[in-house]
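Everything numeric here is computed off the predicted structure, so don't read it as measured data.
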Amino acid sequence: MSLTFHWFLPTNGDSRHVVGGGHGTPATESGRDRPPTVAYLSQIARAAEDLGFVGALTPTGAWCEDAWLTTAMVSQNTERLKFLVAFRPGFVSPTLAAQMASTFQRQTGGRLLLNVVTGGESHEQRAYGDFLDKDARYRRTGEFLEIVRGLWEGRTVDLRGEHLHVEDAKLARVPDPLPEVYFGGSSPIAGEVAAKHVDVYLTWGEPPAAVAEKIAWIRALADKEGRSVRFGIRLHVITRDTSEQAWAEANRLLDGFDPKAVKTIQGGLARSESEGQQRMLALHDGGSRDRLEIHPNLWAGIGLVRGGAGTALVGSHDEVAERIKEYHALGIDEFVLSGYPHLEEAYWFGEGVLPKLQAQGLWQHPYGQHSPSGSVNQPERTRIPSFPIELLGKSVGGGRRGE
């Protein structure tokens with residue numbers, strides 16, 4: 001089976017420096033270098049589509065643009081790329097969400113993937129009118145998915161749950177195909193929800209041994225439910241023709257981190273209720289710049305200024321391909337990737353790493369095209385767009401240093 005790769009739409013802004021935000025922390029000033037306009041996000045989406053990424057993740061939260069509306073607009077400027085839309089089930093009724101997903105499928109030709117985010121920060125949830133505690137939010141997510149899946153299957157749903165109550169709920173038109181549900185969470189109750197309801201369990205980029213433990217945990221829970229679950233991983237990437245070039249870029253990003261901003265952001269993230277976020281913080285000892293390479297080619301530097309996914313694969317194209325093979329050997333089949341800036345980094349990965357994997361029979365272009373570099377016999381060739389890139393008549397070639 002061919003590995004599946006997804007890219008990322010930076011709906012909180014993009015930059016040549018790391019754009020912070022997420023898990024209750026605001027986006028950094030560098031996010032204003034390239035505002036998340038439909039024009040710019042569509043440019044990224046078209047590049048990802050051409051290079052062979054299957055889908056593109058959009059985040060959710062107060063720190064970024066709304067994922068549903070943004071992807072609906074960007075979808076009109078692409079042809080095949082799917083959209084892994086992150087949303088929080090506590091903010092929308094399950095019947096309306098099922099209807100929205102059904103409409104999205106019809107209007108895009110079946111290009112919706114759903115990333116269900118329960119919400120790890122109570123203070124952010126309260127800003128949206130949601131006052132449940134964390135465990136209650138996960139129990140509500142389970143009820144939500146039970147209702148939505150029933151509606152998608154064309155059934156009339158009556159459910160009086162602990163948190164959700166619907167009567168005689170039914171869709172006039174069901175989605176075709178059914179959207180696949182992606183989901184992540186490291187707490188025990190998150191594992192229960194994943195085992196019962198989701199298609200793909202996502203983990204953030206921890207070292208392989210920790211990822212293997214998570215896979216075994218979810219697989220055992222799913223077996224008890226008589227289900228099987230696929231596995232994906234969320235990572236950033238910094239890949240170049242040589243290892244030295246890749247680590248020079250990682251160090252350039254690190255040099256752009258304001259120590260005061262790192263301290264402030266780490267203080268905010270330390271209060272996170274998310275077990276996954278706490279596991280991310282532990283990888284760099286809560287803000288330490290020492291020993292950031294926590295496994296060969298796995299760098300925890302991004303997590304110094306960004307909530308959520310905080311690790312990156314850093315190295316030559318061959319090295320990054322080897323790390324992907326290492327995760328795949330554990331059971332990871334889908335990779336949700338990103339890099340700064342997202343337009344250029346998509347080309348570095350798509351034209352540098354994907355041909356390596358294609359040559360080894362691990363990946364093929366989902367649309368039946370040749371490798372992005374033109375031939376698997378020319379894996380070292382890397383085409384990066386000429387700079388400056390012109391967007392709406394305005395050059396964004398230069399970037400302001402991130403906080």
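The structure places OG1 of T103 at 8.5 Å from CE of M100, a figure rounded to the nearest 0.5 Å. Taken to the nearest 0.5 Å, the CD atom of E206 stands 9.0 Å off from the CD atom of E213. A distance of 9.0 Å separates CG of D199 from CG of L178, quoted to the nearest 0.5 Å. Taking OG1 of T141 as the start and CD of E192 as the end, the distance is 12.5 Å to the nearest 0.5 Å. For the atom pair CZ (F104) and CG (L112), the distance works out to 5.5 Å, reported to the nearest 0.5 Å. The line from CH2 of W63 to CZ of R306 is 5.0 Å long, rounded to the nearest 0.5 Å.
Aromatic ring centroids of Y201 and Y182 lie 6.0 Å or more apart.
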Before giving the answer on side-chain contact (heavy atoms from CB on, under 4.5 Å), spell out for L9 and T70 the whole-Å C-alpha distance, their side-chain angles and the decisive distance to 0.1 Å.
CA-CA 10 Å; L9 294 183; T70 301; 5.5 Å; no
Go through the steps to decide whether I44 and W7 satisfy the test side-chain contact (heavy atoms from CB on, under 4.5 Å), and finish with yes or no.
CA-CA 9 Å; I44 296 172; W7 197 239; 3.7 Å; yes
Do E249 and R252 pass the salt bridge (charged side-chain N to carboxylate O under 4.0 Å, His left out) test, and can you show the C-alpha distance, the side-chain angles, and the key distance before you say yes or no?
CA-CA 5 Å; E249 176 63 11; R252 184 192 70 81; 2.8 Å; yes
Passes side-chain hydrogen bond (donor to acceptor under 3.5 Å, both in side chains), S243 versus E319? Steps please.
CA-CA 8 Å; S243 182; E319 290 171 334; 3.2 Å; yes
L292 and L254: CA distance, side-chain angles, deciding distance, side-chain contact (heavy atoms from CB on, under 4.5 Å) verdict:
CA-CA 10 Å; L292 288 174; L254 186 63; 4.1 Å; yes
Determine whether Q99 and R173 satisfy the following criterion, side-chain hydrogen bond (donor to acceptor under 3.5 Å, both in side chains), listing intermediate values before the conclusion.
CA-CA 8 Å; Q99 183 181 15; R173 300 176 66 186; over 6 Å; no
Can you check side-chain contact (heavy atoms from CB on, under 4.5 Å) on I233 and V211, steps first, answer last?
CA-CA 9 Å; I233 193 167; V211 171; 4.2 Å; yes
Can E334 and H6 be said to form a side-chain hydrogen bond (donor to acceptor under 3.5 Å, both in side chains), step by step?
CA-CA 8 Å; E334 302 201 20; H6 307 281; 2.8 Å; yes
After noting the C-alpha distance and the side-chain angles of K214 and S186, does the key distance pass the side-chain hydrogen bond (donor to acceptor under 3.5 Å, both in side chains) rule?
CA-CA 8 Å; K214 275 191 173 181; S186 298; 2.8 Å; yes
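The pair D50-R80 does not count as a salt bridge, with every side-chain nitrogen at least 4.0 angstrom from each carboxylate oxygen. Between E344 and R16, at least one side-chain nitrogen of the basic residue sits less than 4.0 Å from a carboxylate oxygen of the acidic one, meeting the salt-bridge criterion.
Side-chain contact of R111 with T78: a donor-acceptor pair under 3.5 Å is present, judged by distance alone. One side chain, S122 or R137, offers a donor N or O that lies under 3.5 Å from an acceptor on the other. Between the side chains of Y40 and D14, at least one donor N or O lies within less than 3.5 Å of an accepting N or O. A donor-acceptor contact closer than 3.5 angstrom is absent between the side chains of E345 and S338. Between the side chains of E326 and H295, a donor-acceptor pair is found at a separation under 3.5 Å. Judged by distance alone, the side chains of S75 and T108 never bring a donor and an acceptor atom under 3.5 Å apart.
Annotation: R227, atom CZ; neighbour count of heavy atoms from other residues, nucleotides and ligands within 6.0 Å is above 12. No more than 12 heavy atoms of other residues, nucleotides or ligands sit less than 6.0 Å from atom CD of E79.
Side-chain contact between L283 and P207 is present, with heavy atoms from C-beta onward closer than 4.5 Å. E275 has its side chain within reach of K134: a pair of non-hydrogen atoms, C-beta onward, lies under 4.5 Å apart. Taking the side chain as every heavy atom from C-beta outward, L151 and V157 approach each other to under 4.5 Å. Using a 4.5 Å heavy-atom cutoff, the side chains of L313 and I324 are in contact. Contact annotation: the side chain of Q43 never approaches that of R34 to less than 4.5 Å [non-hydrogen atoms, C-beta and beyond]. Looking at L304 and H284, their side chains come closer than 4.5 Å, going by heavy atoms from C-beta outward. Two residues are said to be in side-chain contact when any heavy atoms from C-beta on lie closer than 4.5 Å; E180 and L114 fail this criterion. In this structure the side chain of L362 reaches within 4.5 angstrom of the side chain of K325, judged on heavy atoms.
Scanning both residues, F183 and A194, for their nearest heavy atoms gives CD2-CB, 3.8 Å. Nearest heavy-atom pair across L269 and G307 is CD2-CA, 3.8 Å. Listed here is the closest heavy atom pair of L159 and G161: CD2-N, 3.3 Å. Across I332 and I215, no two heavy atoms sit closer than the pair CD1-CD1, 3.9 Å. For the residue pair Q358 and H365, the shortest heavy atom distance occurs at NE2-N, 4.4 Å. Taking all atoms of both residues into account, the shortest heavy-atom contact from P89 to V117 is CD-O, 3.3 Å.
Annotation: ring pair (Phe, Tyr, Trp, His ring centres under 6.0 Å) contacts involving residues 141-172, sequence neighbours excluded, comprise F87-F144.
Side-chain atoms of E293 come within 3.5 Å of backbone atoms of N297 as a donor-acceptor pair (strictly under, hydrogens ignored).
For the pair R234 and F8, the cation-pi criterion (under 6.0 Å, within 45° of the ring axis) is fulfilled. Annotation: cation-pi geometry not satisfied between R279 and W204 (NZ/CZ under 6.0 angstrom from ring centroid, within 45° of ring axis).
A salt bridge (Lys or Arg N to Asp or Glu O under 4.0 Å) with R140 holds for exactly one of D133, D135, D130; it is D130.
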